[in-house]
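Naming: A, B, ... by sequence-line order, numbering from 1 per chain.
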Amino acid sequence: MHSIIAALTWEYVARNRWMLLWLPLLANIPALCILLPLKSISPDDSFMTSPLLIGIQVTVLLSLVLVVCLGIISTQGSSRRLYRFPISTIQITSYYFWTGALLVGAQVALVLWLWKVLLPIDWPIASPVVFSVVCWCALQPVVRGQSQSLWWIVLAILIVIALSFWLLIRHGVPFQQGGMLTSQVHYWNVISITDWLITFFSIGLAYWLTAIRVTYDRSGRSNMPLLERIQLALERLEARWFSGSWNFRSPIQAYSWYDLRHRLLAIPILVFLGVLVSWVIAGLTAVIKRDPGTLIGLAIGGTYLSAVLQVYMALLFGALSLFGKYLVRFEAPEHKLKKSDATPFEHGSFFNGLPISFKDKATALVASSAMATVICGAVLLLSYALIGVVAWAFGVCLSNVKFLNHWKYLVSMNVLAMVLTFVLNNLKFSIGPMLWRIDHWFWSIILAAILVAFGQPAGICVSAALCVFVLVALTASTIQSLMKADIRLGTALGIWGIGTCLAILGWYLFRDEFGPVGMLLLAPLAGLSMLPFFSTTESIRRAHTS
Amino acid sequence: MSDFVIDIQHLGRSFGKTQALQDVSLQVPRGGVFGLIGSNGAGKTTLIKHILGSHYAQRGWVKVFGLDPVAEPVKVLGRIGYMSEDREVPSWMRIGELIDFTRTFYPAWDSGYATELTSVFELDVKQKIRDLSRGQTARVCLLLALSHRPELLVLDEPSSGLDPVIRRDILTAIVRTTTDEGRTVLFSSHLLDEVERLADRVAILHQGRILLDQKLEDIYESYHRVTLRFDRSSSVAPALEGSMHSDGNGKEWTYVYRGQKDQLLAASSQLNATVIAESPLSLDDIFVCNIQGH
């Protein structure tokens, strides 16, 4: 038995060595995208010690735990692949449960330690590690031994919400007007006896439930009958509603519809669920507290959190589209191992046989990415509009809601989330192929070396190098797409014009808030959002014909 | 218009150190059924991917309908009906959705024919692909490949892993495609009884090389199995020029011979041997002889 577990551990590490390396790095990116501009806003680092940072810590920590847990779940795959081995159900459960808990704890500790090294922040490490391990364990009964039902997402969200309350309470959030912005809020520095009791009780209960679920699943018994029945009923309704015909006007429209449904629709759905849950929590809390201000404050916070969530989901999906083949290699049925390279977010061999031009396919993919982003934006906008209506109806003065004092930050973060989502939605075909080209990095490395030689700060060197990299990649892609007639000159000029105007507008609006690093980072962001229009066709051409 | 739907000349392809295709030249004439046979890993799917434009030719060239499938994929793929070996279609779609989705890409899509096939294959358009059996999925793929009435139907291992009923559906579709409409079918298989029943012309691919490319009737005419009786007993088979395989002992030896029959008789008389038995070779025997002889 011991040798089987050892072999499985070896297989897991060998299969996921790159993903395990990438995961903490990927988990860093969005948080650093928030924290680095904040650092540049206050050159004297005063903001990094402000109480507002506690709220950001909670947000970032929740997102970090989510990314790491989902990443480890993806790398572990289904427990079903172990059922054919001569090992007990308890061993299977333990193997997934404890190794995952260990990895989640270690990765969260590593990422937090990295932030403490890179940034002048004094965030605790021990309590977030304990919290992340409890989150991991609490999710196990839901994700292990699940059937084809996707309802586990709903359960998982409920569990995460329940745990989030624990996190908020331990940060001293009073759940009344002001919420995270009151002076009572503090870091979770001490792990109390109650915390340990909650931890041990949650882990014990989660382990017991996970073992039951895996036992049921191994014996082929349905272990989520109620949810499966709900899903079946919904599918029957959908089948009745579905008339049996879709009339697509063009291959672009059809392909765009497919890509949206297959790859990207989950992001707006999750954003919608996030906003909905926020409103429910805000509504219930406001009723208990009899305070409309609480409703507004929590709804704003929840909507903002949903905007952050969309970036994380886009990042996760983007990462899966780039590295997913490493994940499915062991998961795929044996007969498919050599035949298919399709990842959960890729398009398989059937689509390579369809007569659609590379240009049309690229247009469809960019359109579906934009559509997913627009739907997310519409959901967020609707929520903010609703906040305005509710505030007007209850006579709450919005300028008294503390979070809105930072309206510029709120607006810019939402816009940034939209742009980042669009960029990440196009990671596979527009940005991914650019990353591996040394000729695109050449000038960035030269510039960074010159800046370092002249003693410039690291932030300036990195952001300037990134700026040059994106500019080179964008220019090369534009020239290539024009030479191959993938895009018309007028369209190319239009995209460059709009992108440049948006970058200049960003610089103008935030000239006082953003430091030089923030200003330098705006340009590559604008460039990255323009890149899909020029590079996707060529990337698809290369991917199609190997 | 060229007489050949597919024209491949000196095609070479390698993946790292593996030579998947070596100097492959193949011409598939317009009309009829072309069977591509070979053992696992022979290079059949790689060859088909070149025909579909999913692989560019590292050496040599590929023309389909006189066009380069890599340079002009839309013009080529629009005239091809393709069923892949893995039969991978989006599992979350309903059959009706998949049909509606696919028809958008083919201006020549025949909705009446698609409806007819849906009925013949007993498919429910409201059913999700993920709920289908392997055989039903194969039927859906076949429907999608046939409904735009392609000039060239490319089937990669269409019967692999399927029960006899579904295999019959596929074979009927092949026959119907060619006989009713005079179109071309290229199908790869290692189920040689199917190839024997359907193909007009057969090519054997082995380790990336074409070992044989002939009309089926010519193949049968050029392969013979004879049992010869010699004057003297021998522990090893006497060398018969043109033989591919020998088996026996003592004075009686059975040979598989490739060539004209009169040449066989001449060669055996030179060895003072007499033909005591003669039996036809199946495609299976010919395939095995070619593979072993290589």
Side-chain angles (χ1 to χ4, degrees), chain A residues 148 150 231-232 235-259 261-263 265-266 332-333 335-342 344 346-361 364 484 540-546, chain B residues 13 15 41 45 48-50 52-57 69-107 111 124-128 130-131 134 141 144-145 148 154 156-157 160-161:
Chain A
Q148 287 190 341
L150 287 174
Q231 182 167 334
L232 280 174
E235 285 194 357
R236 271 200 293 273
L237 271 178
E238 190 198 344
R240 193 173 295 174
W241 165 76
F242 174 60
S243 63
S245 66
W246 284 95
N247 285 310
F248 299 110
R249 284 194 299 274
S250 65
I252 295 177
Q253 195 195 28
Y255 209 90
S256 193
W257 169 83
Y258 167 76
D259 188 51
R261 286 279 306 264
H262 173 67
R263 192 168 64 99
L265 197 60
H335 72 277
K336 280 193 172 181
L337 284 179
K338 283 170 68 180
K339 310 293 180 197
S340 167
D341 295 321
E346 251 180 12
H347 302 170
S349 61
F350 169 71
F351 295 91
N352 285 336
L354 291 175
I356 178 170
S357 68
F358 302 128
K359 199 173 154 183
D360 284 354
K361 200 185 262 192
K484 294 199 172 183
I540 290 172
R541 189 179 283 123
R542 287 182 183 208
H544 180 269
T545 306
S546 53
Chain B
R13 177 80 194 196
F15 297 104
T45 302
I48 286 174
K49 284 191 172 176
H50 278 88
L52 296 171
S54 293
H55 286 339
Y56 74 93
V70 173
E72 299 187 81
V74 179
K75 286 181 183 169
V76 171
L77 292 173
R79 296 159 74 181
I80 293 178
Y82 170 56
M83 183 171 159
S84 68
E85 184 186 6
D86 50 28
R87 297 185 276 277
E88 191 185 334
V89 279
S91 59
W92 55 268
M93 280 195 199
R94 297 182 187 283
I95 295 174
E97 284 179 314
L98 185 56
I99 292 172
D100 291 338
F101 173 77
T102 311
R103 78 168 178 213
T104 316
F105 296 87
Y106 297 98
S111 293
D124 176 6
V125 290
K126 290 188 177 181
Q127 213 173 355
K128 289 210 171 186
R130 66 157 180 258
D131 296 331
R134 188 185 286 193
C141 292
L144 298 176
H148 60 101
V154 178
D156 190 4
E157 302 275 6
S160 116

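With sequence neighbours excluded, no residue satisfies side-chain hydrogen bond (donor to acceptor under 3.5 Å, both in side chains) with A/S256. Applying the side-chain contact (heavy atoms from CB on, under 4.5 Å) test to A/A254 and every residue at least two apart in sequence or in another chain returns A/F248, B/F101, B/T104, B/F105.
Here the closest heavy-atom approach between residue A/P355 and residue B/G78 is recorded as CB-N, 3.4 Å. Scanning all heavy atoms of the two residues, the minimum distance from B/L77 to A/L354 falls at CD1-O, 3.6 Å.
A/N247 is listed as a side-chain neighbour of B/R103, based on a closest heavy-atom distance under 4.5 Å. Counting heavy atoms from C-beta on, the side chains of B/V74 and A/F358 never come closer than 4.5 Å.
Proximity to chain A (any heavy atom under 4.5 Å) is restricted, for B/L144, to the side chain, taken from C-beta onward. Contact annotation for B/L98: only side-chain heavy atoms (C-beta onward) come within less than 4.5 Å of a heavy atom of chain A. Residue B/M93 touches chain A through its side chain alone, counting heavy-atom pairs closer than 4.5 Å.
When the candidates B/G81, B/S84, B/P69, B/P90 are compared by the number of heavy-atom contacts under 4.5 Å with chain A, B/P90 comes out ahead.
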